[in-house]
Every structure is written in structure tokens, then in C-alpha cells.
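What follows is one structure encoded as C-alpha cells, with my remarks underneath.
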2 protein chains.
Amino acid sequence: MSVTIKDIAKESGVSYSTVSKALNDSPLVKPDTKKKVLQAAEMLGYTPNFAAKNLVSKKSRTIGLVWPAIDRAALTALVSKINELVTAQNYFMILSVDAADKAVGMFKGFQVDGIVIFEEGKETKLPPQAAASVPILTYGVSGEHVHPIIDVNHRKAIHLAVQHLTELGHSSISFIGSTDPGDKRQEEKLSGFYEAMNFSGLSVSEERIGSTNGLSWYDGYLAARKLLTDSKPTALISGSYDISVGILRAAKELNIRIPEDLSVISYDNIPQMASLETELTSVGVPIDSLAEKMVSSLLSLIQQPDSISHTQLMEPELAAGKSAAPPKKHL
Amino acid sequence: MSVTIKDIAKESGVSYSTVSKALNDSPLVKPDTKKKVLQAAEMLGYTPNFAAKNLVSKKSRTIGLVWPAIDRAALTALVSKINELVTAQNYFMILSVDAADKAVGMFKGFQVDGIVIFEEGKETKLPPQAAASVPILTYGVSGEHVHPIIDVNHRKAIHLAVQHLTELGHSSISFIGSTDPGDKRQEEKLSGFYEAMNFSGLSVSEERIGSTNGLSWYDGYLAARKLLTDSKPTALISGSYDISVGILRAAKELNIRIPEDLSVISYDNIPQMASLETELTSVGVPIDSLAEKMVSSLLSLIQQPDSISHTQLMEPELAAGKSAAPPKKHL
DNA sequence: TTGTAGGCGTTATCAC
DNA sequence: GTGATAACGCCTACAA
């Protein structure tokens, strides 16, 4: 069928073990021979068989990335960046959009050297715990897991947002996000909001919190509509990119201009934001830092298990856009 | 390291070939033995080694999907659907975000049974042609390729759009899309527009065409701004989802209401559209039909090469939204 | 019904 | 420098 090193051996008139060496650029083979072999391989259109290679070497130089929610646009940039970084380290990366448990099983079957899991909030379908045979790194869901985790200091991020708004002169600040008690990530944001508001000596009544039932733009839209008609905040902090989309839509329908009538700070600074009507000011960890941390962590985990601490919290930054401005006096 | 069938054999007190049979649910093994083996496997946390399995069977029951432009949101729904369908057929699917040539090489290394390539317009980096050893199906780039192609009847799609608009009473209709001569797909749309307009007896002067330099929302935005200020069409047909986003933004800035002042018909009916400010009317092939066609084609291609015709054109439909309405009299 | 043996494509360890 | 040869984990005749 497919061309193997034996075919190359036949073609170039050497033994197949020599071919193997030549192909791996071993110093134990004469340059002449090497060239000859390489040419034959080229000519025959040889592709190495990873299955065989992995079988003997026990290494695949491949990492698997589990990403069940590919429609969550927020992560595409991160995934691309990670791919770039592992490629630079001479690794392959393959993705799966299956649920974590299934994907992990598949990846293990393919002998990947390491796995990254992008879990979505509460959907914590932890992979079979017995499956400790391959390094697994999880993005974002602290707690539950046995595996090392890269997480964002969500609390701090919200602090930054509140701080920015108070510095601009806002005091009537609301938060819109999921208050689902099962979602640790969202909980962090919410309690970060309370903390920061208290710290600034601002009141936080219940009506200052726009509670969404989910994380889609529509959830944000509904919550924003309610919040913006009930109370009249001068500033809004959003718990996620998608929610921000909903907020923009609600504001538009209510004829509320941003940032003239309402300041908005979004969560996560991602490229997709560029396509929104308004250039959003946002808080979050820069994609590049995240990707670098994740890749370096996973690789060191591959080289020596237990080499990294269980949870690593990344520090967020504020990215200035055009959606936050000083409040108008007496709206 | 990892647990193998030999470990299971030892554990359950049978030979490893019996284990192999039991694991594959062969009828040649006594139910009792089978149960015993299965339990042992479960207990030990056995994961089959695909590398070894593929090596001997020459089949991986895995298909690879090449998707370099994961940030093109338009395709996530299609990818998810395809994954769903192949899973139902007991296949695995892995993705790569690398360029087509690299990804194909990798997938072949992993011994995938078939490959789907999502090419983006003109970036036709055709994989090494010698590489005919695995069935490859391409989405959307007719011409060039040697591999079977699933394509959309773009011409017809635009016809539908024009027809819908004329039925609503529009006669001043413009098209915004890429006129890059290297992009076959875009060319089709443009010539479809000319055809349909002629068929309806409508004039198409140069100024009716909004030519973009690319396919991003910003390209659409620029073109739309120009078009909407220069001429005053009552309806606009967009060549892509991203361009539609730009059109919406431009219209907003110019205080043009949709659909009151301007009807817009977008391209591709995808879930992401739900997050836009305006619910767009669109033309395109329903995601589900596309996914089904692609999967069934690939699988039959795997079973018997040359079993499907080279190019298959899918028929588009019009999906009614809220962005197309009768024109106002005398704007 | 179960066990034995050969081989899948590759690398690595030896002799030559 | 180069060429046999033994693994790697699994499947599949074929033998018992």
C-alpha cells in the first residue's frame, strides 16, 4: 500500500535500518548514502507511519486539545496561539470537539504526550481519574479536578474594572453575569465585584446585579434590558464576551449610547471584539500570556510530571477601548 | 507503563490472544471468559493502543478535518455537525488548525481513514498530489483540486436573493463582495448577481458593485460605507457573513435603518447570526444538509475510492429573517 | 474454546 | 558505516 522504509531501502539499494538512520539524520551514515536515501524517499512520496513510530518510541510529539464548545468564539485566538507555540517546539497538535471523557480516551489511544482541556464552566465531566497515565492540563475550572490548572484571577480582573470606572467618576456601577452557583468561574467574578465595590465604599444593592441564566449573548441581552430599564446605572461590567454582545444590543434598542450614556467594560480581550459595533474596553489576561503559560506548563509537565504546581493563577490587565468614559452629570 | 492486553491476560488467567478476542467481542470466546476479561480490563484501566491497532489493521476509524481558519466563525456549526455524524458512524474525528499541506501530512502519519479539508477561498495550498493514498474531500474550492469537492451553488444562491428582493418590489439592488479574481467562490457569486439582475431586466452599473479587498467585516464595512453614500440602493446583497457584519455597522453609522431604509440579504445561514443586532435574511445551504452530504460522501469514498463524482453542488435555500422588506416609496 | 506464532512499520542494539 | 535482529502492542490465521 503505502510506501515504507523498506520500499526506500529497495529503491536506494541499502538496508532498511540504514534508511531509518538516514531519515533521522543520524551521524552514523555517510552523507552520500543519506542524500541517496532522501532522494528515494522524496521520489516515492514517503510519509512516516506514526503508528509504528509511536509504538516503538512511546512518544508521539503530539499534544491533544479538548475543546467541546468550538462555538465559543472567545477561545479561537487562544487555540491558534497554542498551536503556534507547540509547533515552534516541534510538536503536533490535534483537536477534538468531543466531550472531555471521550476525547481523552481517544487521545490516549493515539498516544499523545499531553492533553489540554478547555472546559466550559460547570460541565465538569472529569475524565476517568484512573487515567493518570498522560499529563493533563485544564484551563479555567479550579477546584474539582485532580489535574494541574491554569486559571485567571477573575476576582482581580473585576477589581480592575471597578477601579477603572471609579477613577473615571462612576459610582452607579452594575454587574451582569451568571450567578449560577455551579459555575466557579462566574462566582469568582461576582464576589470580586462585591469586594471591589465595598473597597471603594460603594453600595451594591440586589438590583445592581444583572443575573443571567447562561452565558450566551441572549442571556446577556435579557439581563441588560431589565437592568437598564429598572435601575439607571452609569456603568456596566460584563461577565463575558458573549454577554457584552447582548448588552450592546439591549443598549441599542433602548437608545442608550455607549459610552456617552453608559460605560461598559467587557470580559476577555479577544480579537473577535474588533467586529463589534463598539470597541470595548475590557479586562482579562492577554491571550499571548495565557498561551505561553499553558504551553510551557504542559511541556514541562511532559518532561517531568509533578513539575508544576497544581493551580496557576494568571494576572489580568485592563485593555482600554472606547466603551468607558466619565459619566454625564445628571443624566 | 501503560496497561496492555498482556497485563489483562495475566490478571484474568488466559492467554493474551484470548484477551484480544474477548475485547473485540469475538464469538469464539466463551461468555464467561469474556466477562472475566472485561472485568480485568476495567479494573486495570485499560486503554487500547491505537498505534499498535492501526499498525496491524491498517484502519484507524478516524477521520481528520483540516481547518486552518478556526476564527472564521461561519464554520463552527458545520464542524460540530460533522463530528456528530461521524461519531454516529462509530468514527473518531480529529482536527488540525495547521495549513492544509502540513495537516494532511500529519493525518496521514496518524493513519486516518479519510480527510476533509476546509479551504479558505484562494489559499489553495494543495497538498502534495502524490499523496493520493488517503481519500480527501475538499469543501468549497472548485477547480484546481484533484480531490472530490463538495461545493455550494453560489450562483443559484445569489439568484434566490435577487429574486426575493425583486418580489418585494426592489429594483435598486447592490452587491457587496470580494471581486478578487483569484477567489473562485466569490467570482461565482458576483457573476450570479449579474445573471439574476439581467434576468429580471434590472440594470447593473459599476457603482452597483461594492468591491471589497478581503472577506473580513472591515472590508465589508468600508465597501458598504462607500456604496451607501455614493449611490442609494434600497437593497444590498452581501457576499459573506463577515461582510454582513460590516454592512450593519456601516448602516448604523450612516443612520440607515434596516429593513426600513435598506433591505439586506446575507450569505450563509449560520447560528452566529443570532448574535447580531439584526436578524438577517440570508441565502445559503442549510448546515445540516451540508454536513450530511460531506460525511456520507467521505465515508463512501473510504469504502470505495472513486465512488463519488468529482464535484457535487449543493442547492441553496432562502432563510427568511427580518432584514428584507418592501422598499419605501421615494426614500 | 483456547493458545501459538507471524507480522504490521519503525527504532535501537548489536555485530560485522 | 552498514546491516541483521529484537522489540513495541495488537490482530489473525492456524494449531491444539
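Every chain is numbered from 1 and lettered A, B, ... according to where its sequence line falls, protein lines coming before strand lines.
- The residue Asn54(B) sits apart from the nucleic acid: no heavy atom pair falls under 4.0 Å.
- Judged purely by atom type and a 3.5 angstrom limit, Arg61(A) has no side-chain atom pairing as donor or acceptor with the backbone of Phe92(A).
- Contact between the side-chain N/O atoms of Tyr46(A) and the OP1/OP2 oxygens of dT10(C) is found at a separation under 4.0 Å.
- Of the candidates dT2(D), dT10(C), dT1(C), the closest approach to any side-chain atom of Leu28(A) belongs to dT2(D).
- Side chain of Ala52(B), nearest nucleotide from dT11(C), dG9(D), dG3(C): dG9(D).
- dT11(C) atom C1' lies 15 Å from atom CD of Gln111(A), rounded to whole Å.
- Distance Leu23(B) CG to dT12(D) P: 12 Å, rounded to the nearest Å.
- Side-chain atoms of Gln111(A) and Lys58(A) include no donor-acceptor pair closer than 3.5 Å.
- For Thr4(B), whose side chain is taken as the heavy atoms from C-beta onward, the closest listed nucleotide among dC10(D), dG3(D), dT11(C) is dC10(D).
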Ser15(A) vs Thr18(A), test: side-chain hydrogen bond (donor to acceptor under 3.5 Å, both in side chains). Steps then yes/no.
CA-CA 5 Å; Ser15(A) 82; Thr18(A) 303; 3.2 Å; yes
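- You won't find any donor-acceptor pair under 3.5 Å spanning the side chain of Ser15(A) and the base of dA4(D), going by distance alone.
- Distances were taken from every side-chain heavy atom of Thr33(B) (C-beta onward) to each of dT10(C), dC8(D), dT2(C); the shortest belongs to dT2(C).
- Taking atom CG on Asn49(B) and atom P on dC10(D), their separation rounds to 6 Å, with Å as the unit.
- Taking atom NZ on Lys108(B) and atom P on dT10(C), their separation rounds to 12 Å, with Å as the unit.
- Between Lys58(B) and the phosphate of dC11(D), there is no side-chain N or O to OP1/OP2 separation shorter than 4.0 Å.
- Exactly one residue among Val66(B), Thr138(B), Val79(B) makes a side chain to side chain contact (heavy atoms under 4.5 Å, CB included) with Phe118(B). That residue is Val79(B).
- Ser57(A) comes within 4.0 angstrom of no nucleic acid atom, judged by non-hydrogen atoms across all strands.
- Lys34(A) places its NZ atom 10 Å from the P atom of dT2(D), with the value rounded to the nearest Å.
- Residue-level contact check: Lys21(B) touches the bases, meaning some heavy atom is under 4.0 Å from a base atom.
- Within the 3.5 Å criterion, the main-chain N or O of Ser60(B) finds a donor-acceptor partner in the side chain of Asp113(B).
- Distance alone, capped at 3.5 Å, is enough to place a donor-acceptor pair between the Asp7(A) side chain and the Thr4(A) backbone.
- Contact annotation: Ser20(B) does not reach the phosphate of dC10(D) (side-chain N/O to OP1 or OP2, under 4.0 Å).
- Summarising the geometry, the separation between NZ on Lys59(B) and C1' on dG9(C) is reported as 16 Å, rounded to the nearest angstrom.
- Of the candidates dG3(C), dT11(C), dG3(D), dT11(C) carries the atom nearest the Lys53(A) side chain, counting heavy atoms from C-beta on.
- Among the nucleotides dG3(C), dC8(C), dT2(D), the one closest to the side chain of Ser17(B) is dG3(C).
- Residue contacts shown for Phe50(B) are absent, as no nucleic acid heavy atom lies under 4.0 Å away.
- Among the protein residues, Val56(B) comes within range of the nucleic acid bases, having at least one heavy atom under 4.0 Å from a base atom.
- Put simply, CG on Asn24(A) is 17 Å from P on dG9(C), counting in whole angstrom units.
- Going from atom CZ of Phe110(B) over to atom P of dG9(C) covers 18 Å, rounded to whole Å.
- When each of Gly13(B) and Leu55(B) is assigned the nucleotide of DNA chain C bearing its nearest heavy atom, the one mapping closer to the 5' terminus is Gly13(B).
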